[in-house]
There are 2 protein chains.
Amino acid sequence: MSPAPRTARATARAELTRAILDSAATQLADIGPAALSVRAVARDLEMASSAVYRYFPSRDALLTALIVEAYDDLGAAVEAVERAVRRGDLRGRWRAIAHGIRDWARAHPHQYALTHGSPVPGYAAPADTVVPATRVTLALLTVLRDAQAAGRTPAAGPARVSAAEKAALGPVLAFVDPPLSPAFAVRGLTAWATLFGHVSLELFGHMHRGVLDYDTHFATVVDQLGADLGLG
Amino acid sequence: MSPAPRTARATARAELTRAILDSAATQLADIGPAALSVRAVARDLEMASSAVYRYFPSRDALLTALIVEAYDDLGAAVEAVERAVRRGDLRGRWRAIAHGIRDWARAHPHQYALTHGSPVPGYAAPADTVVPATRVTLALLTVLRDAQAAGRTPAAGPARVSAAEKAALGPVLAFVDPPLSPAFAVRGLTAWATLFGHVSLELFGHMHRGVLDYDTHFATVVDQLGADLGLG
DNA sequence: ACAATGACAAGAGCAGTGCTCTTGTTTGTT
DNA sequence: AACAAACAAGAGCACTGCTCTTGTCATTGT
């Protein structure tokens, strides 16, 4: 993370690192994470496979870099569509985030599988990935915070949240400032799970193809969740 | 699927097939699906790797068999806990199903990843898997049907379901008899997505470890969904 | 009872993988 | 100019899924 001197060698290294990532990203989008091969990347760049290991110490490290990029790409996409909505239009912002997630996932199924599918076996997501992974969660929580600040309250649901659950929520409440009320947080986390559950079930082929019109149904669910959250 | 003659050869084949599946299942639970190796299975059974291919034409076929077994295992586990609840206790049945899914997933994380995680790359789930995959969905829909028959109605949510959404729901309504009302189906599908979304986010490490007490929070969410469904 | 047929196990082998080690070259620093 | 670090390339190891060939056994038809 140091500024890296602008020597010929340093710029060459930076360029090659990017080239490796780009080639890997292309392969990832084409054939999926498990079939990603450092030898194939090396072939694509017309270099020796052993040379790639000078830039990424292992295949997993390369995969990790791709995961970080995917999270960032998703985060940027969601933030972009959400930013385009008038601040006061809480329902619109919620809709933008929800559909933004699904649209991105459908456009980048392999990346979505990498970030939100089963973790690559024998591979534990390193710390580098958690910060970029937070971006869309933060966008969602921010909308909830604004809703709370605007005096909205979750429409339905158990009136009061048990003390145990309040404790269970813990630091989640303080992810935004001012902190979320437990009731809002519970509904918010539920909506979050519903969103990703829906996208996962759709993308991973669990909603029997042809039996359901995803576009329509997802829109219905999103609006329902929005209503549950008291956004409109 | 033919009754298979009871010759010495046939029984030997059946036994070896089972032995292969058992060894593969053990490996799967240990090291995950991607690391599952037919050569390792062959080593475990002290046979030539090429001999395994006489029983399963490819590694994917072996994986498919394991997926079917996993779905059946999950289905059986959920049905077992649900059956233990008094029929009239709709909320209890719902809770049993929900917690049954999560408990099974936590006890068999690799199997869960196989069934509900990202599909193994370059691998499309064949038709054999869809029937066993339906078991838990059917259990959930049956509870909803019974709730509907008992006069319950979804607590919250948009009063009426749009015509487009009714059409989108399509055959899902008729999965049980008598068919589900659209309002119930929407809520039910949403709850279904929330359930699996929650379990996936928890198991795949997206809910920041330590920040949330899963046991308590999941119970809260389940009860909230139950209330949304009008089950108590 | 015998011979033909099919199922089977085993081994060698191919093409591919991640990764390491060694060798020789280029670049940047003192 | 001298030295050290960074680099590319190649060979090689151990592994993978899978195929093909060879030889053996059980089952079946005559």
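Chain letters run A, B, ... following the sequence lines, proteins first and then strands; every chain starts at 1.
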Q | Check ion pair B:D73-B:R135 (N to O, under 4.0 angstrom) | A |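 Here B:D73 does not pair with B:R135 in a salt bridge, since their nearest N and O are not under 4.0 Å apart.
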
Q) Do the charged groups of A:D177 and A:R145 touch, with an N to O distance under 4.0 Å? A)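 No salt bridge links A:D177 with A:R145.
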
Ignoring the backbone of [X], work out which of [options] is nearest its side chain.
X	options	result
B:S58	D:dA5, D:dC25, D:dC18	D:dC18
A:T7	C:dT20, C:dA10, C:dG28	C:dG28
B:R9	C:dC8, C:dT27, C:dT20	C:dC8
B:R54	C:dA9, D:dT27, C:dT20	C:dA9

Roughly, in whole Å, what's the span from [atom1] in [X] to [atom2] in [N]?
X	N	atom1	atom2	answer
A:M47	C:dC19	CE	C1'	15 Å
B:I20	C:dC8	CD1	P	11 Å
B:L45	C:dC8	CG	C1'	16 Å
B:E46	C:dG11	CD	P	12 Å
A:L63	C:dG18	CG	C1'	13 Å
B:F56	C:dC8	CZ	P	13 Å
B:D44	D:dT16	CG	P	13 Å
B:R39	D:dC18	CZ	P	11 Å

Q.
Which is more 5' along DNA chain C, the nucleotide nearest A:P57 or the one nearest A:A40? Just name the residue.
A.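 Closest to the 5' end, via its nearest nucleotide, is A:A40.
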
Q.
Taking A:V222's backbone N and O only, do any of them form a donor-acceptor pair with A:W94's side chain (distance below 3.5 Å, no angle check)?
A.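 Side chain of A:W94 to backbone of A:V222: a pair is present.
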
Base, sugar-phosphate or nothing for [X]? Non-hydrogen atoms, less than 4.0 Å.
X	answer
A:Y55	sugar-phosphate
A:L36	sugar-phosphate
B:L16	sugar-phosphate
B:A8	sugar-phosphate

Q | salt bridge (Lys or Arg N to Asp or Glu O under 4.0 Å) partners of B:D103, counting only residues at least two apart | A |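 So B:D103 forms no salt bridge (Lys or Arg N to Asp or Glu O under 4.0 Å) with any residue.
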
Check this one for me: any side-chain N or O of [X] less than 4.0 Å away from OP1 or OP2 of [N]?
X	N	result
B:R13	C:dC8	yes
A:R59	C:dC19	no
B:R43	D:dT16	yes
A:S37	C:dT17	yes

Q: For B:H206 and A:F196, run side-chain contact (heavy atoms from CB on, under 4.5 Å): C-alpha distance rounded to whole Å, both residues' side-chain angles, the deciding distance at 0.1 Å, then the answer.
A: CA-CA 11 Å; B:H206 281 269; A:F196 282 102; over 6 Å; no

Q) Less than 3.5 Å between a donor and an acceptor, one on the side chain of A:S50 and one on the base of D:dA9, is that the case here? A)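 When only heavy-atom distances are counted, A:S50 does reach the base of D:dA9 through a donor-acceptor pair under 3.5 Å.
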
Q | Test of ring centre spacing under 6.0 Å for B:Y214 and B:H198 | A |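 They do not qualify: ring centres at least 6.0 Å apart.
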
